[in-house]
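For the numbers below, each heavy atom of this structure counts, side chains included, while hydrogens, waters and symmetry mates do not. Naming: A, B, ... by sequence-line order, numbering from 1 per chain. The structure presented is a predicted model; accordingly, all values stated were derived computationally and were not measured.
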Amino acid sequence: MEQHAEVLIGRPWHQRVPTWRDAVATLLMVAVVILLGSGARQMIAPFVTAQQPAISLSPAALPVYAIRTTLRMLAALAASLIFTFIYATPAAKSRRAETVLIPLLDVLQSVPVLGYLSFTVVFFVSLFPGTALGPELAAIFAIFTAQAWNMAFSFYQSLITIPADLDEASRGFRFSGWQRFWRLEVPFAMPGLIWNMMMSMSGGWFFVVASEAISVGSIQMTLPGIGSYVALAIQQRDLAAVGWAIVAMTITILIYDQLLFRPLVAWADKFRFEQTAAIVVPRSWVLDLFRGARFLRFLVEPAGLAVQAGLRARLALPRKPRWLPVFALSRRAADFAWFAFLLACLAYVGWKLVQFAEPVLSWADVTIAVSNGVLTLLRVVVLITLATVVWVPIGVGVGLRPKLAEKVQPIAQFLAAFPANLLFPVAVFLIVKYALDPRIWLSPLMILGTQWYILFNVIAGASAFPTDFREAASSFRIRGWRWWRQVMLPGIFPYYVTGAITASGGAWNASIVSEAVNWGPTKLNGSGLGAYIAQMTEAGDYPRIALGVAVMSVFVITMNRLLWRPLYAFAQRRTRLD
Amino acid sequence: MDREPNNPVIEMRKVCKAFAKPSGEPLAVLADIDLSLPEGEILGLLGRSGSGKSTLLRIAGGLVRPTSGEVLYRGQPLSEPAEGIAVVFQSFALFPWLTVLENVEAGLDALGLAHDEARRRAMSAIDLIGLDGFQSAYPRELSGGMRQRVGFARAIVIEPVLLLMDEPFSALDVLTAETLRTDFLDLWIERQLPTKSVLLVTHNIEEAVMMCDRILVLSTNPGRIAAEIPVPLAHPRNRLDGEFHSIVDEFYSILTSRTTESIGAQRKIHGGLAQPLPPVTTNRLAGFIEALASPPYQGRAELATIAGTLALDIGELFPIAEALHILEFAELQEGAIKLTAAGRVFAQSGTEERKRLFSEHLLQFVPLAAHIHHVLTEREGHLAPIVRFESELEDHLNPSDTEKTLRAVIGWGRYAELFTYDGETRTFSARNGSAT
């Protein structure tokens with residue numbers, strides 16, 4: 001709760017009369033609570049794998065499906081936030097925990113989420129037999145795995161870059177760990193965290209659609225939602241229903257952007273660390289509405305104060321009593337013990353894996369998976385190159401025209417958030433109709449959703465390009481190719497790299513749903529590692545799913561280490577002026 | 001508030017602080033610091049950057065632990081931030097996401113006060129420090145002076161016994177700094193603050209003489225207490241006062257003699273190769289030489305005077321003076337600086353002539369520059385990685401001095417056209433047409 005000091009220090013009460021703002025804000029709040037509540041109730045309804053609720057293709061059913069899908073997203077986002085706080089905090093504070101948690105996070109981030117969906121579904125369904133909670137949790141977990149890692153990374157990054165003076169000030173005030181967390185660490189990390197939550201949410205739509213209707217071997221699972229609606233539409237070759245789903249998705253994304261993220265971004269502006277006043281202050285009508293609704297604020301003020309008091313309470317752990325014997329181990333010895341322990345764990349896990357894989361997998365399987373991986377790698381490289389050639393000039397053109405950029409930027413961000421897999425049926429329909437080669441024409445689907453990251457990052461880079469550099473370039477009459485090479489491309493390079501990293505990571509992930517697609521009984525197989533994993537999932541062949549996922553992770557990690565990280569470091573070094 | 005002059009608030013005995021060098025060896029930053037700060041005193045710590053004065057302040061605040069030695073706060077050993085000690089930071093260190101009022105209240109969080117009590121105390125601190133009307137503003141909406149007022153309000157709201165001030169005015173412009181200093185001194189003299197003693201770190205001599213009852217001068221590498229000077233002037237003090245002036249002059253002569261001594265001593269170690277160089281740009285050096293050569297100085301100036309006219313504080317003035325002394329374009333003597341014959345020629349010359357002269361002096365008086373030049377001429381390809389010289393220097397200097405020294409020698413070498421340096425590949429190269 002945002003507290004304005006003048007209200008609290010005893011100004012007159014005359015503004016606390018309900019106004020139209022209160023009415024609208026209350027209405028909005030109640031509506032959201034009721035809608036989400038009704039969706040939540042159905043989540044714990046009985047659920048029998050054999051007789052699942054029938055999905056209706058009527059457009060009238062879509063609002064309810066949209067709410068249930070959104071609810072899964074929000075639940076996963078909440079889980080991701082809690083995970084972020086619990087995981088990233090020790091990683092930033094303990095050197096030894098850091099040596100395990102951060103590389104682990106790096107790997108988790110690179111593992112294709114859709115690949116291990118099959119494992120988690122089985123796990124959660126067996127955890128809550130007989131209720132819808134199992135499959136629901138499985139879906140939520142799938143979304144969670146698409147959202148959590150980058151948020152945790154962002155939080156960790158913020159924690160290790162806390163400015164020394166604020167750290168000293170907090171220590172000087174003798175904040176307890178709890179107070180320090182809410183007073184210093186969370187606020188400092190807030191802007192990065194919110195930005196990453198938005199990115200996560202965008203990524204999540206893609207997976208929510210893929211995870212609502214899933215079949216692993218003999219287990220068939222359908223949860224009411226936009227994803228299963230589309231799955232059914234594909235099964236029945238109903239292009240009109242696909243169209244309705246796209247409309248419903250568009251409206252849903254626009255609504256949550258207005259109701260959730262815009263207010264959040266506008267509110268989080270105060271957490272910016274730069275001491276200068278912002279030129280463009282982000283605004284949100286929803287936030288303005290609630291800030292203006294003074295009567296409502298007056299009503300919820302006690303709750304706000306209670307939360308504040310809770311966050312400001314010391315809640316310190318009792319100090320270690322002096323009489324307790326200190327278990328003293330020299331730093332070096334402790335390090336040694338720790339790493340020996342890690343090595344033992346690693347060896348044990350490795351041995352278990354070999355035991356699991358040996359009877360069923362042969363080197364031929366590895367060869368097949370790797371060669372499929374090479375094919376997918378080729379696709380990713382070609383597609384990223386194509387997207388770069390197309391979107392970089394367009395992005396620069398848009399970014400240099402502030403008026404245009406203002407209009408195009410939200411559209412690009414919307415397109416990035418839009419789950420591109422909803423569009424797959426349209427593409428498949430066309431491929432079938434014109435009898436095109438699926439190995440070539442299925443490929444663009446991989447980048448359909450993620451190319452926008454390149455576009456909007458380049459637009460952001462071009463908009464942020466200093467005007468004096470541009471003026472200098474034009475006064476020296478630098479034009480044409482030289483202008484691109486010496487002025488513009490270096491200027492947008494760091495932004496481009498950021499966008500391309502996201503786009504390429506997304507493309508790998510998307511390959512699992514885009515390399516093998518169905519349209520009714522027609523099956524198109526473009527081959528590649530994604531298609532391999534999809535096929536094995538359908539067959540319920542766990543060792544080979546695991547193999548496919550592992551090979552893909554290795555490809556992604558290698559690409560990150562050998563290409564993107566050096567490029568990123570180069571961009572950081574080269575384009576800094578200080 | 002009672003201040004009992006015989007009660008030490010903080011005492012240090014044989015305090016040393018060392019940081020680990022990359023090679024693992026310890027590098028002393030502070031050595032054998034003995035000090036005692038009685039109630040009722042404002043004690044100044046004056047020194048150049050790198051003298052460890054900020055580290056010393058953090059040790060007094062319990063923020064940094066000494067490597068050895070004893071710190072007593074009101075007679076009790078101090079090992080972590082204690083109740084009753086507050087710090088005012090050079091960079092203000094305000095939480096940008098909290099309003100002025102919330103920032104001041106944040107200082108009280110650790111005390112676990114009731115909400116109303118906290119608010120009452122915060123409001124009275126805000127009132128006392130002259131921030132009335134700014135309670136609901138965020139720090140970024142405030143000017144530097146107002147921000148530091150928040151810094152002060154946040155420190156005094158906890159009613160500190162000991163107030164630690166780390167160059168609190170140095171990020172402010174001259175006029176604002178003066179206003180804040182006077183306001184603070186007024187509160188101190190009128191005993192409106194609960195604070196019993198103040199430790200002030202500064203590199204501004206006049207500020208120290210203006211505010212402190214006693215001033216400790218720290219030497220560099222490692223920081224030791226080089227001199228202790230009482231300031232027996234009554235408040236309010238006047239800068240134009242003769243006595244004020246003579247104390248300021250005394251500081252300048254102490255600092256110049258320490259500088260020349262340390263330059264002399266460094267030249268004897270390791271052939272002078274590890275002489276720390278102040279990273280002053282050649283533009284500044286040339287500008288200073290020109291100012292010194294022209295009227296009214298005609299080649300010789302009191303440091304106190306020229307610091308005033310050129311608006312340089314000692315953090316800026318001494319590096320310039322030291323560089324000129326090392327390069328033998330000028331000579332430091334008892335609080336004054338005097339151009340040498342070469343310095344006068346330099347002032348009269350054109351660009352090419354200046355570069356030639358500078359390059360001669362660089363080779364002759366800066367062994368490190370001569371060494372780099374020699375290595376580059378000897379080597380095939382005329383290239384040498386900076387790491388090579390870095391490791392040579394780090395045997396004798398701390399990492400920050402090594403970095404500064406190399407930065408200085410790169411800048412000077414480039415100007416003298418002796419050699420050049422590629423930041424991308426981190427290599428030196430001889431200056432033979434391959435200029436970047």
With a strict 4.5 Å heavy-atom criterion, list every residue of residues 181-191 of chain A that contacts chain B, or say none. R183(A), L184(A), P187(A), F188(A)
Could you look at Q90(B) and say if it's the side chain, the backbone, both or neither that has a heavy atom under 4.5 Å from chain A? neither
Note: vs chain A, highest number of non-hydrogen pairs under 4.5 angstrom among V87(B), I158(B), D109(B), L98(B) is D109(B)
Which residue pairs satisfy the salt bridge (charged side-chain N to carboxylate O under 4.0 Å, His left out) criterion with at least one member in residues 161-173 of chain A, sequence neighbours excluded? D167(A)-R171(A), D167(A)-R180(A), E168(A)-R58(B)
Hey, mind stepping through E159(B) and K196(B) against salt bridge (Lys or Arg N to Asp or Glu O under 4.0 Å) and telling me if it holds? CA-CA 10 Å; E159(B) 305 190 344; K196(B) 295 206 192 300; over 6 Å; no
Contact leader toward chain A among A82(B), A155(B), G61(B), where contacts are heavy-atom pairs under 4.5 Å: A82(B)
Using modelled atom types and a 3.5 Å cut-off, is there a donor and acceptor pairing between side-chain atoms of Q148(B) and backbone atoms of F89(B)? yes
With sequence neighbours left out, the residues meeting ring pair (Phe, Tyr, Trp, His ring centres under 6.0 Å) with F92(B) are none
Residue pairs passing the salt bridge (charged side-chain N to carboxylate O under 4.0 Å, His left out) test where at least one lies in residues 124-139 of chain B, sequence neighbours excluded: none
Looking at R149(B) and G130(B), would you say the former's side chain and the latter's main chain have a donor-acceptor pair under 3.5 Å? no
How about T202(B) and E167(B): does a side-chain donor come under 3.5 Å of a side-chain acceptor? no
